[in-house]
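First comes the structure, then the notes that go with it.
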Amino acid sequence: MRKSAVRILLCCLGLLLTAGLVFLFPGKEREEMKAPAPALIRVWTREGESDLYQWLRKRAAAYEKETKARVYIRFATQEEAQAAMEGRDDLLKPDLLLFPGEGEIAALRGYALILRDGDNPVSTPPPTYSLFTRPSPTPAPIPTPAPLTDADQSRPALAPPGCAGALPHTVVSLSPLSDFLEGKADAALLTAGEAAQLPFGYRAYALPDGRGMARFGARALSPGGDQFLRFLLSRPSQQALSEQGLFSPRYPLYQGRDSLSALIESGWNFPD
């Protein structure tokens, strides 16, 4: 009987001690309940900019890993972006806008002036063959052309909407490459990737003073959006633009390469 009473007393003391420890030192579950939820950063960008979206998506994943924040990317119209900047009360505004021509320049898409030239044959190095792969020729190096003349600048040239005013006589086209292939003009503003698809010879020129660059601006609408914008403008994020064939407004990405991308980049004035 005495042993049972001692055992009961010890059990009661153990329960009281456990309760005291839980009260004084909250467990992991209680700490998790009190911990704030990860920050959510809403980013709006325009649909149809696949290269920009891929860069943004990959950098958002890196930011989430680094900060534990969550980045939600949504496609929005220009009208929605304008309403967000105006601060309309009926709109759940984003933390960051990434749209052509808005705010601080975060990325560039570069275009070269491409002139059809039948006397300049298409240069395709001999393809390399293997047993299970199709031949894939490497794009030929782009030689540095003569300076862009007034006559070349004054001819009608197909241009995407983002570079409508790059030359005096541009003709805006939603599909400059297709229209150029169909012979609708003898000149067009094309990206390096588009120029690589041309089946005929051409001459390429970089447009000076940044006229061949379509600008993607970023505007932060909250402190969280500003922090993510600083991350997008950091050197690692800017260097990652080259993975999508884009250009940085801050750092040269193709310098020293014998390529059309390097030629296009030479038309941009980088900050000191």
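FYI, the numbering just counts along the sequence from 1.
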Could you measure the distance from the [atom1] atom of [X] to the [atom2] atom of [Y]? Nearest 0.5 Å is fine.
| X | Y | atom1 | atom2 | answer |
| --- | --- | --- | --- | --- |
| Gln244 | Glu49 | CD | CD | 13.0 Å |
| Asp179 | Lys184 | CG | NZ | 4.0 Å |
| Leu241 | Leu108 | CG | CG | 8.0 Å |
| Leu233 | Ser248 | CG | OG | 8.5 Å |
| Asp226 | Asp95 | CG | CG | 10.5 Å |
| Lys68 | Arg70 | NZ | CZ | 14.0 Å |

Under 3.5 Å: donor-acceptor pair, side chain of [X], backbone of [Y]:
| X | Y | result |
| --- | --- | --- |
| Trp268 | Pro249 | yes |
| Ser266 | Leu263 | yes |
| Ser237 | Phe231 | yes |
| Ser242 | Gln239 | yes |
| Trp44 | Glu80 | no |
| Thr170 | Val172 | no |

For residues [X] and [Y], report the shortest heavy-atom separation together with the two atoms involved.
| X | Y | value |
| --- | --- | --- |
| Leu113 | Ala187 | CD1-CB, 4.2 Å |
| Ala157 | Ala188 | CB-N, 4.3 Å |
| Cys163 | Ala159 | O-CB, 3.7 Å |
| Leu97 | Ala81 | CD1-O, 3.8 Å |
| Pro156 | Ala185 | O-CB, 4.3 Å |
| Gln238 | Ala106 | NE2-O, 3.0 Å |

Show your reasoning for whether side-chain hydrogen bond (donor to acceptor under 3.5 Å, both in side chains) applies to Arg57 and Gln54. CA-CA 5 Å; Arg57 182 179 63 83; Gln54 290 301 324; 2.8 Å; yes
Residues in salt bridge (charged side-chain N to carboxylate O under 4.0 Å, His left out) with Glu64, at least two apart? none
Shared ILVMFWY cluster between [X] and [Y], side chains joined below 4.5 angstrom?
| X | Y | result |
| --- | --- | --- |
| Phe270 | Leu232 | yes |
| Tyr72 | Phe99 | no |
| Phe75 | Leu96 | yes |

Output yes when [X] and [Y] qualify as a salt bridge under the 4.0 Å nitrogen-oxygen rule, no when they do not.
| X | Y | result |
| --- | --- | --- |
| Glu47 | Arg74 | no |
| Glu104 | Arg250 | yes |
| Arg155 | Asp186 | no |

Got [X] and [Y] here, is their nearest side-chain heavy-atom distance under 4.5 Å?
| X | Y | answer |
| --- | --- | --- |
| Leu181 | Leu198 | yes |
| Leu253 | Glu265 | yes |
| Met213 | Ile105 | no |
| Arg46 | Pro100 | yes |
| Arg42 | Ser222 | no |
| Leu221 | Pro94 | yes |
| Leu158 | Leu189 | no |
| Ile114 | Arg203 | no |

Will you find, in the side chains of Gln82 and Gln78, an N or O donor that is under 3.5 Å from an N or O acceptor? no
Determine, stepwise, if the pair Tyr251 / Arg235 fulfils side-chain contact (heavy atoms from CB on, under 4.5 Å). CA-CA 8 Å; Tyr251 311 105; Arg235 184 180 285 272; 3.2 Å; yes
For the pair Thr191 and Ile264, evaluate side-chain contact (heavy atoms from CB on, under 4.5 Å) and give the outcome as yes or no after the intermediate values. CA-CA 9 Å; Thr191 66; Ile264 294 172; 5.8 Å; no
Gln255 atom CD, over 12 foreign heavy atoms within 6.0 Å: no
Establish, yes or no, whether the cationic atom of Arg109 lies under 6.0 Å from the six-membered ring centre of Phe216 and within 45° of the ring axis. no
Using 30° and 60° as the class limits, which term best fits the ring planes of Phe180 and Phe200: parallel, tilted or perpendicular? perpendicular
Is the Tyr111-Phe247 ring centre distance short of 6.0 angstrom? no
Quick check: Phe228 with Tyr63 (ring centres under 6.0 Å apart)? yes
Could you give me the CA-CA distance, side-chain angles and deciding distance for Arg116 and Tyr202, then say whether side-chain contact (heavy atoms from CB on, under 4.5 Å) is met? CA-CA 5 Å; Arg116 188 189 296 263; Tyr202 63 86; 5.8 Å; no
